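Comments concern the structure below.
These numbers were taken from a predicted model, which means no experiment stands behind them. The basis for the numbers below is simple: all heavy atoms, side chains too, and nothing from hydrogens, waters or symmetry mates.
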Amino acid sequence: MDDTAHRLTAATTPTPYDRAAEARWVPEPDKRPGRTAFQRDRARVLHSAALRRLAGTTQVVAPMRSDFPRTRLTHSLECAQVGRELGAALGCDPDLVETACLAHDIGHPPFGHTGEEALDQAAETCGGFEGNAQSLRILTRLEPKRFAPQDGMPARLAPWPGRSVGLNLSRAALDAATKYPWPHGAHPTDPASPKYGVYADDLPVFRWLRAGAPAGAKCFEATVMDWSDDVAYSTHDVEDGLQAGHIDPVALRAPSERSELFKVAERYAGDAEPEELAEALDRLLDKDWWPESYDGTARARAGLKDLTSQLIGRFCLAAEQATRARYGPGPLTRYGAELVVPREVRLECAVLKAVAVRYVMQRDEQAQLRARQRIVIAELAEVLTRRAPEVLDPVFAAMYEEAEDDRGALRTVIDQIATLTDASALALHARLTGPAGA
């Protein structure tokens with residue numbers, strides 16, 4: 001079958017997704033017939049500047065501080081590969097799940113979670129900052145791809161009338177990319193949770209994309225994306241830590257080290273007893289493919305790759321089998337099911353996250369680096385707010401001038417900072433706070 005015939009077949013094959021799932025905030029014709037709505041979504045995210053920016057954004061170790069860096073972009077690509085295969089095995093549209101995985105971290109600011117925390121403080125008077133809410137803002141507003149006509153203005157009167165609607169993705173794609181489908185303070189079981197997925201001024205498009213959805217519930221594709229995210233970063237962060245020499249496999253068997261490790265793991269599995277966490281860790285350490293040492297040779301590197309493959313396969317297969325056991329065969333999509341991950345496997349993943357945090361992220365040099373990064377973000381927010389709009393990029397300067405109030409103006413400054421890479425944040429800070437820019 002040639003490529004054209006394959007595209008036409010894919011577009012005409014019945015799917016469990018209805019017109020509402022494929023609808024876009026602003027209706028638009030397809031420029032090239034034969035593609036599905038979700039193939040178009042995937043292409044838009046893949047070609048976006050916002051996704052490319054993640055190549056210069058910290059995952060665990062800053063990109064410029066490693067010979068083999070994992071960035072937010074490589075993590076997103078790895079998450080997308082895991083999610084596409086797991087989603088397809090469960091009957092989801094693979095392009096839809098891959099789109100969600102590619103987009104899930106698109107709102108993360110420079111310096112990773114450190115930058116997120118610093119921006120949240122800087123944005124206190126305009127509603128705070130959250131990387132997941134920023135992702136939705138980028139997808140539906142900040143990434144220029146489509147504009148909505150202003151009320152009463154025919155689209156033919158101007159090439160780009162009205163305001164930006166971002167990438168104008170389908171309802172299902174935006175829903176699948178929304179890890180926390182509620183505004184600040186509206187977590188369905190924990191109102192004090194700092195996690196949320198939409199700012200107050202983005203609620204109109206949020207209500208549109210959530211039309212017909214149960215309040216606070218994630219769609220099935222979002223749960224697949226969420227678990228794929230956990231699987232990708234827990235396994236790859238441990239791989240990186242072993243390769244960099246920060247994780248000593250022998251230390252994971254020492255009682256004193258394990259005690260401290262399980263304290264860290266509580267943030268990911270707060271309802272687990274230390275004995276359960278110990279059993280989870282031992283299940284992994286006792287596998288033939290778990291490395292006993294790492295010396296940097298080609299054979300040792302191959303062993304690390306096998307470790308990662310084994311872990312990903314283990315975690316995904318367990319979720320697939322448990323979900324199928326509950327729901328049976330057939331496509332599982334939207335709000336027809338929930339991903340089932342066995343508790344034992346969730347605890348194994350939680351322990352791996354704790355290993356990466358304790359031995360990689362909690363090193364003294366990383367703590368010192370994060371302290372400097374917080375200062376950079378805070379000072380950038382101060383100087384940009386004080387000197388806006390003159391020092392803002394043109395797109396944000398225009399948004400600043402159009403802001404209705406001080407909250408809107410500050411949100412624009414925060415948007416500007418959030419679009420920077422690690423390197424460009426440092427460069428802009430140096431230019432604006434150095435002797436020449438002060």
Side-chain angles (χ1 to χ4, degrees), residues 58-61 65-70 74-75 78-79 82 112-113 227-319 341-370:
T58 293
Q59 172 64 11
V60 176
V61 180
R65 302 173 74 89
S66 172
D67 292 331
F68 303 98
R70 266 197 169 90
T74 59
H75 162 68
E78 289 160 345
C79 175
V82 173
H113 289 296
W227 180 239
S228 300
D229 181 25
D230 281 355
V231 170
Y233 84 73
S234 65
T235 56
H236 289 121
D237 288 359
V238 169
E239 176 191 335
D240 286 353
L242 287 165
Q243 182 166 318
H246 302 315
I247 300 173
D248 178 5
V250 176
L252 299 179
R253 299 184 184 275
S256 60
E257 287 294 319
R258 290 163 70 94
S259 176
E260 294 300 317
L261 180 65
F262 298 152
K263 291 179 183 178
V264 176
E266 289 178 357
R267 73 177 67 174
Y268 307 111
D271 61 340
E273 297 294 331
E275 293 76 15
E276 279 189 289
L277 296 171
E279 291 171 1
L281 178 58
D282 287 338
R283 283 195 297 272
L284 300 179
L285 298 184
D286 291 342
K287 296 297 181 182
D288 293 339
W289 35 260
W290 189 272
E292 295 298 328
S293 62
Y294 180 77
D295 60 8
T297 62
R299 188 177 298 278
R301 287 191 179 185
L304 284 189
K305 289 300 179 185
D306 184 57
L307 168 68
T308 301
S309 297
Q310 294 282 359
L311 289 169
I312 292 174
R314 178 184 181 87
F315 294 164
C316 289
L317 184 60
V341 181
R343 178 178 175 81
E344 294 80 4
V345 172
R346 285 198 181 275
L347 294 183
E348 290 173 5
C349 185
V351 168
L352 288 184
K353 293 179 186 178
V355 169
V357 169
R358 172 156 172 73
Y359 297 108
V360 180
M361 289 176 256
Q362 289 186 345
R363 290 178 295 127
D364 288 343
E365 66 177 81
Q366 287 294 102
Q368 295 169 7
L369 176 63
R370 288 194 295 272

Which atom of Thr74 lies closest to which atom of Arg70, heavy atoms considered | OG1-CA, 3.3 Å
Looking at CD of Glu78 and CD1 of Ile312, how far apart are the two atoms once the value is rounded to the nearest 0.5 Å?
-> 7.5 Å
Excluding sequence neighbours, so at least two apart, what forms side chain to side chain contact (heavy atoms under 4.5 Å, CB included) with Arg346?
-> Trp227, Val341
List the steps, then state whether salt bridge (charged side-chain N to carboxylate O under 4.0 Å, His left out) holds for Arg283 with Glu348.
-> CA-CA 8 Å; Arg283 283 195 297 272; Glu348 290 173 5; 2.7 Å; yes
Distance-minimising heavy-atom pair for Trp290 and Leu285 = NE1-CD2, 3.2 Å
Nearest heavy-atom pair of Tyr359 and Glu257: which atoms, and what distance?
-> OH-OE1, 2.7 Å
Mind running side chain to side chain contact (heavy atoms under 4.5 Å, CB included) on Thr308 and His236 for me, showing each step along the way?
-> CA-CA 7 Å; Thr308 301; His236 289 121; 3.5 Å; yes
Side chain to side chain donor-acceptor pair (under 3.5 Å) involving Arg370 - partner list, sequence neighbours excluded = none
By side chain to side chain contact (heavy atoms under 4.5 Å, CB included), which residues pair with Thr297, not counting sequence neighbours?
-> Asp295, Arg299, Ala300
Can you see which heavy atom on Leu242 is nearest to which on Pro291, and at what distance?
-> CD1-CG, 4.1 Å
Please assess Lys287 against Gln310 for the test side chain to side chain contact (heavy atoms under 4.5 Å, CB included), listing each intermediate value before the final yes or no.
-> CA-CA 10 Å; Lys287 296 297 181 182; Gln310 294 282 359; over 6 Å; no
Can you check whether Leu284 reaches Trp289 side chain to side chain, under 4.5 Å on heavy atoms?
-> yes
Which atom pair, heavy atoms only, marks the closest approach of Phe262 to Ala278?
-> CZ-CA, 3.4 Å
Has the side chain of Thr235 got a donor or acceptor atom that lies under 3.5 Å from a matching backbone atom of Val231?
-> yes
To the nearest 0.5 angstrom, please state how far the CG atom of Leu311 sits from the CG atom of Asp306.
-> 9.5 Å
Between Asp229 and His75, a side-chain donor and acceptor under 3.5 Å = yes
Let me see the working for Leu252 and Val355 under side chain to side chain contact (heavy atoms under 4.5 Å, CB included), right down to the final yes or no.
-> CA-CA 9 Å; Leu252 299 179; Val355 169; 4.2 Å; yes
Give a yes or no answer on whether the side chain of Ser309 reaches the backbone of Lys305 with a donor-acceptor pair at less than 3.5 Å.
-> yes
Could you tell me which residues satisfy side chain to side chain contact (heavy atoms under 4.5 Å, CB included) with Asp286, sequence neighbours excluded, listed by chain and number?
-> Arg253, Asp282
For the atom pair CZ (Phe315) and CG (Leu352), what is the distance rounded to the nearest 0.5 Å?
-> 5.0 Å
By side chain to side chain donor-acceptor pair (under 3.5 Å), which residues pair with Glu276, not counting sequence neighbours?
-> Arg343
Who are the side chain to side chain contact (heavy atoms under 4.5 Å, CB included) partners of Glu260, not counting sequence neighbours?
-> Lys263, Arg358
Locate the shortest heavy-atom distance separating Ser234 from Cys349; write the atom from each residue and the value.
-> OG-SG, 3.4 Å
dist Ile247:CD1 -> Asp240:CG (nearest 0.5 Å) comes out at 9.0 Å
